[in-house]
> 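My questions will all concern the structure given below.
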Amino acid sequence: MQNLSQLDVQGKRVLVRVDYNVPVKDGVVQDDTRVTASLPTISALLDAGARNVILMSHFGRPKNGPEEKYSLKPVAPVLEKVLGRPVTFIAGTADSDETLAAVQALPEGAVALLENVRFSAGEEKNDSGLNGKLARLGDAFVLDAFGSAHRAHSSVSGVAAQLPHAAGTLLQTEVDALGKLLNGAERPYVVIIGGAKVSDKIKVIENLLPRVDRLLIGGGMAYTFIKSQGGKIGESIHEDDQLDLAARLLREYGDKIMLPVDVIAADAFSADANTQVVASNAIPDGWQGLDAGPETVKQYSEALKGAKTVFWNGPLGVFEFEKFAGGTNAVAAAVGSLKDQAYTVVGGGDSVSAINKSGKADQIDHISTGGGASLELLEGKALPGVEAMK
Ligand code: 3PG
Ligand code: MG
């Protein structure tokens, strides 16, 4: 990719695609990780003498034009605070003449945030008319929205073709950090994959298996693997259409894959369900596994010891319920404790919030701001945003 230092921004209006698709509740941003992650690029552009930095992002998935609940306005004060300077929020749709006029009226050195770019019809279709309208807003384009780099949308890849462009610091950092998990990872290399569904992660699992020494499976997807071996999983979540695939992976890579040996079973999917610890292949009828059991946690922590590269994506249990957060928290602690001995990467919204909650976030080498984007990168797919910056 072309990097920031290769782009001439002196005296220029620089249009920057960021990913400010952050959790917002009652008009208040709940987690500013993605906002903070965009600061190095913004500062670098201002330091390099950019006339203006014009930030654009999507937020949520609005389908019918502007809608109050999808406004990016709540992000502006958060950005002002972390950036330590005023930010002009421009309320019109990004492709409107009003927005163009507001951008042109910005005083030298001003930073602006545009309204949700998905309010413009055409954004998700990478519409050429919209690409041209967006290109009017800057003299140069920087893509820093790693979390959106898997979308071939106007504001990600479409507009890039019309302006001199480069990858921002965050995009570059993410691609480098995740790239190390695919090529040249130091061994032993241990991956922990959790989450509800095999089908969501299967391509990542298949792409990583030949590269890793151990793959620890957790969360709801484990029950599909256990059932494929004839285990009794009670009412546990599973995917019958993935059983053959799970069985094949265990045949081919059985020496690398670890499955939970015990689970915390519950008599209902609820925060105050009754629980018991049972063997993962002998879950009683009417019960369902909602977290990894103590023996599993011990085995997985043991498997992580001595690792030189570790990647973790996806929770090990229903960690939204305190009772079933133990397995996920234990893995967060185990991965965090590897700080000095291993290169550690955590990706995916749930594991990132678990690592943040565990207080171990500062022990991790790289915490990815991308969910879908990090998975697609690890599947070995070319990301449209990354390709556009080459
Ligand atoms: C995300 O949060 O996963 C990214 O911002 C992409 O959002 P999208 O899945 O709506 O494209
Ligand atoms: Mg997503």
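Both ligands and their constituent atoms are indexed starting at 1 by order of listing.
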> Donor-acceptor check, side chain of His366 to backbone of Ile364, threshold 3.5 angstrom: yes or no?
no
> Are any of the side-chain nitrogens in Lys12 or Asp8 under 4.0 Å away from the carboxylate oxygens of its partner?
yes
> For atom 4 (C) of ligand 1, tell me which residue out of Gly147, Pro23, Gly370 has the closest non-hydrogen atom.
Gly147
> How many angstroms lie between CZ in Arg248 and CZ in Arg251, if you round to the nearest 0.5 Å?
8.0 Å
> Do Glu235 side-chain atoms and Gln288 backbone N/O form a donor-acceptor pair below 3.5 Å?
no
> Determine, step by step, whether Lys63 and Glu124 satisfy the side chain to side chain contact (heavy atoms under 4.5 Å, CB included) criterion, reporting the C-alpha distance in whole Å, the side-chain angles of both residues, the deciding distance to 0.1 Å, and the verdict.
CA-CA 10 Å; Lys63 288 290 166 228; Glu124 292 172 66; 3.4 Å; yes
> Any N or O on His150 sitting closer than 3.5 Å to an N or O of ligand 1?
no
> Please could you name the atoms of ligand 1 that Arg151 approaches to less than 4.0 Å, counting only its heavy atoms?
8 (P), 9 (O), 11 (O)
> Counting only heavy atoms closer than 4.0 Å, does ligand 1 sit against the backbone of His153, its side chain, both, or neither?
neither
> Within a reach of under 6.0 Å around CD of Glu322, are more than 12 heavy atoms found that belong to other residues, nucleotides or ligands?
no
> Could you check whether Glu302 pairs with Lys298 (Lys NZ or Arg NE/NH1/NH2 to Asp/Glu carboxylate O, under 4.0 Å)?
no
> Show the atoms of ligand 1 that are less than 4.0 angstrom away from any heavy atom in Arg61.
8 (P), 9 (O), 10 (O)
> Out of all atoms in ligand 1, which are within 4.0 Å of some heavy atom of Asp19? Include the element for each.
4 (C), 5 (O)
> Between Glu124 and ligand 1, which residue portion shows a heavy-atom distance shorter than 4.0 Å: side chain, backbone, both, or neither?
neither
> Of all the heavy atoms in Gly371, does at least one lie under 4.0 Å from an atom in ligand 1?
no
> So if I count the atoms of ligand 1 from 1 in the order they appear, which ones are less than 4.0 Å from some heavy atom of Arg118?
8 (P), 10 (O), 11 (O)
